[in-house]
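Everything on this sheet refers to the single structure shown next.
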Number of protein chains: 4
Amino acid sequence: MRPNDATFTETARRAQIVECAIETIAELGYHQSSVRKIAERVGVAMSVVQYHFGNKDEMVAAIVAELYRTVLAIMLPMVEAEQTARGKLAAHIRAHLKCLATYRSQQIALMEIGSNYCSGTGQRLHEVGVPLEPDQLADLAKLELETIFTLGIETGEFRALSPTSMATAVRGAIGAALLRSTGDPDFDVVGYGEDLVVAFDLATRHL
Amino acid sequence: MRPNDATFTETARRAQIVECAIETIAELGYHQSSVRKIAERVGVAMSVVQYHFGNKDEMVAAIVAELYRTVLAIMLPMVEAEQTARGKLAAHIRAHLKCLATYRSQQIALMEIGSNYCSGTGQRLHEVGVPLEPDQLADLAKLELETIFTLGIETGEFRALSPTSMATAVRGAIGAALLRSTGDPDFDVVGYGEDLVVAFDLATRHL
Amino acid sequence: MRPNDATFTETARRAQIVECAIETIAELGYHQSSVRKIAERVGVAMSVVQYHFGNKDEMVAAIVAELYRTVLAIMLPMVEAEQTARGKLAAHIRAHLKCLATYRSQQIALMEIGSNYCSGTGQRLHEVGVPLEPDQLADLAKLELETIFTLGIETGEFRALSPTSMATAVRGAIGAALLRSTGDPDFDVVGYGEDLVVAFDLATRHL
Amino acid sequence: MRPNDATFTETARRAQIVECAIETIAELGYHQSSVRKIAERVGVAMSVVQYHFGNKDEMVAAIVAELYRTVLAIMLPMVEAEQTARGKLAAHIRAHLKCLATYRSQQIALMEIGSNYCSGTGQRLHEVGVPLEPDQLADLAKLELETIFTLGIETGEFRALSPTSMATAVRGAIGAALLRSTGDPDFDVVGYGEDLVVAFDLATRHL
DNA sequence: GATGAATGAGCATTCATTCAT
DNA sequence: GATGAATGAATGCTCATTCAT
């Protein structure tokens, strides 16, 4: 009967539900993943999920937070290890695609939620924002491609490109790998990452 | 009492339903766009939709066909006007982004259907294929980025890049504009297109 | 433009619809045979059926009348050809089973309607009665098994049995052939008829 | 706070729904007995039925199992008490008609389901089989008329009749009582049973 | 903490019917 | 005579949520 025993159980249950929800969403897609099916995978009653999260929106928020934390843990060290903008860009691409390759179901789940989730009040994921702690949000900002491109221009490493446009393009090119690999299991995600590193290295050079 | 009056009514209704469905899907997302809500927007009973299309899958097929026809009508002349691979690539990017700028809700609807649609038999859109006439499918193939990149390598215009990787990257970068502009109404889609043309022009040059 | 041209067309259409309806019901069962599917088989619009019969109940009445007329045409001569009660009983059994063998889909349709039909006011077929002309109803009465059994007792051919019970039993035994043959295509309806003739011949003898 | 309180509630609800469903089907016929109407009779929301049975097919299976169990409980002791084939035949007829007299609506419901039910996959009741436990199915087999007739021929009690034909005839004659009594409330089911016993006793004698 | 039971809104679909032409 | 278009009620089903225990 340790004082925080209840909290420990609570935390474990939540983690367990989040984990199973991610698996379920990755396997069946967001809309086929009802609270009941997720609870079934956990091996508890459907109402347990409601008990721990209050409602489905809160559960999704917890899932998204967990997914972002995973991405952060992988990417942040790799990007921070590089000093130059060019190095950070390559690291960002490689790190993100490593995430895709290593944590496939997590990334699929995130994509599924991103494109399918709709809150009780009709809001989409990008409208409710990333449900992370302030310091984690700060870490996330360090990965921002806009920042990297702006830095590269300042240091003269990159040509006078539009950081916003380039960041959007890189993000899109990375995201495309997930879609692509979903339809084509033979798609070589890591190889694609190297092709992307070369392409964007060329695309950022001075004319 | 025109001989094809009945056909005229039928055609008009179908077009009207398709149009309203596109608007609804673009606004609310695919899964929030029930047959009932679409019919309400048209101003008819829900069963009218079933009368004209048989079932929801057929309605979606009609929508998708219409959306692809729109894209084709815009993009094909622009891409075919160019002779060189480099020209075709730039034209493809510009044409696609022009589509995005001009037919925003149509493109959002297509994206929504592409990532959310699940047929009665459990198939996703890419599994059921594009419901177009053979000659229109042939036209669609002419826009394929893989083909353009392969051509450019053959003619020596492009470096020895991977057509699959580059095509995936360009598609992703283009698609990102849609997501981006959804969250940020000030995002300049056409300007982004010009930035993309420059970036991929550089990225395809010989080292 | 013969004066009864319209009536002729009308009659032909009705007959055509009735025929197709019988086929459809026999094939798909009563509940799968919607007005639309029947009309499709005829090759006309669904509303044509409504035009000719007013509503579905009237159509079913027309079908049932037609089916009883078919049975009458087959059975009446065979039963009336016999003079003795014993002969009439055997003839009735043989005639009815001949109907079952020869006009299988008609009999299946009649069975389907008998057990599934429910009028707009909630009445079953046996509650609405047989929709035949008075003289045809009189002919139908001549086939009644009760009459035959009562006659046989009067003439001393049969033992002192209960006409009602025996008639019910024979009707049931005949009807069972249809159910049986539906599930088992190898079931020999005519052979079953002969077995029935023997069985009920024995069952009616004096002790 | 009894340990099996939850199970008790569940069992009671299921039994209650099955009971009301039987009544409804017997009264209105299978196809007029929607899940909604059955739930209304129980006094709960329609989705309660779905909660307890999953879908309509499962509910029907539960109903059919219950109906067969009732028949078994009545008929098995009566038939097994007899040693001779002749005795078993008479007992079968009497027992089945006792069922008909005592559990009228149950038998009507079973008939309705037998001739009208069509599963979600398009199968009829005789195609999906009787949803009973193996040992109950074994008990059911002991009541089979074919078995009794074959036995009687072997022991020399019966003439060289066709077990299949006779079984079909007896089944039909028994079933006819149900139809008959539906149209004519004065029909004496038990008396009919005795008449049937005599008739089939005669029909099975050596010539 | 956890559960089973129940709810009500929403969904796509089927169907007989109506009606102007 | 015949048609296409539209309607509204009904059906089975899924789901997130609520609540007493």
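Order of the sequence lines fixes the chain letters, A, B, ..., with proteins taken first and strands second; residue numbering starts at 1 for each chain.
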Figure out the [atom1]/[atom2] separation between [X] and [N], and round it to whole Å.
X     : N      : atom1 : atom2 : value
C:K37 : E:dA16 : NZ    : C1'   : 14 Å
A:I17 : E:dA2  : CD1   : C1'   : 11 Å
D:M46 : E:dC11 : CE    : P     : 14 Å
D:R36 : E:dG8  : CZ    : P     : 12 Å
B:N55 : E:dT13 : CG    : P     : 5 Å
C:Y51 : F:dG4  : OH    : C1'   : 16 Å
A:I38 : F:dA16 : CD1   : P     : 8 Å
A:Q32 : F:dA16 : CD    : C1'   : 16 Å

Could you tell me whether the side chain of D:S47 has a donor or acceptor atom within less than 3.5 Å of a complementary atom in the base of E:dG8? yes

Check whether any side-chain nitrogen or oxygen of D:H52 sits under 4.0 Å from OP1 or OP2 of E:dA6, and answer yes or no. yes

Report yes if a side-chain nitrogen or oxygen of A:S34 is closer than 4.0 Å to either non-bridging phosphate oxygen (OP1 or OP2) of F:dT14; otherwise report no. no

Would you mind telling me which residue lines up with the more 5' stretch of DNA chain E, C:Q50 or D:V48, judged by nearest nucleotide? D:V48

By nearest-nucleotide position on DNA chain E, the 5'-leaning member of A:R13 and C:V35 is A:R13

Name the atoms and distances for all side-chain donor-acceptor pairs under 3.5 Å in residues 58-70 of chain C, with sequence neighbours left out.
{"unit_1": "C:E66", "atom_1": "OE1", "unit_2": "C:R69", "atom_2": "NH1", "d": "3.0"}
{"unit_1": "C:T70", "atom_1": "OG1", "unit_2": "C:E66", "atom_2": "O", "d": "3.0"}

Between E:dT7, E:dA5, F:dT3, which nucleotide gets closest to the side-chain atoms of D:T9? E:dA5

Among F:dG4, E:dG4, E:dT17, which is the nearest nucleotide to the side chain of C:A45? F:dG4

Check the orientation of C:H31 and D:H31. Use parallel for under 30°, tilted for 30 to 60°, and perpendicular for over 60°. parallel

Can you work out whether A:H31 or B:G43 has the more 5'-proximal nearest nucleotide on DNA chain F? B:G43

Before accepting this row, confirm whether a basic side-chain N of the pair B:E27/A:R124 lies closer than 4.0 Å to the acidic partner's carboxylate O. no

Side chain to side chain donor-acceptor pair (under 3.5 Å) contacts touching residues 12-25 of chain D (sequence neighbours left out): D:R13-D:Q16, D:E23-D:R41, D:T24-D:R41

Looking at F:dT21, which nucleotide sits across from it as a Watson-Crick or G-U wobble partner, both distances under 3.5 angstrom, or is there none? E:dA2

Quiz item: cation-pi between D:K56 and D:Y30, 6.0 Å / 45°: yes

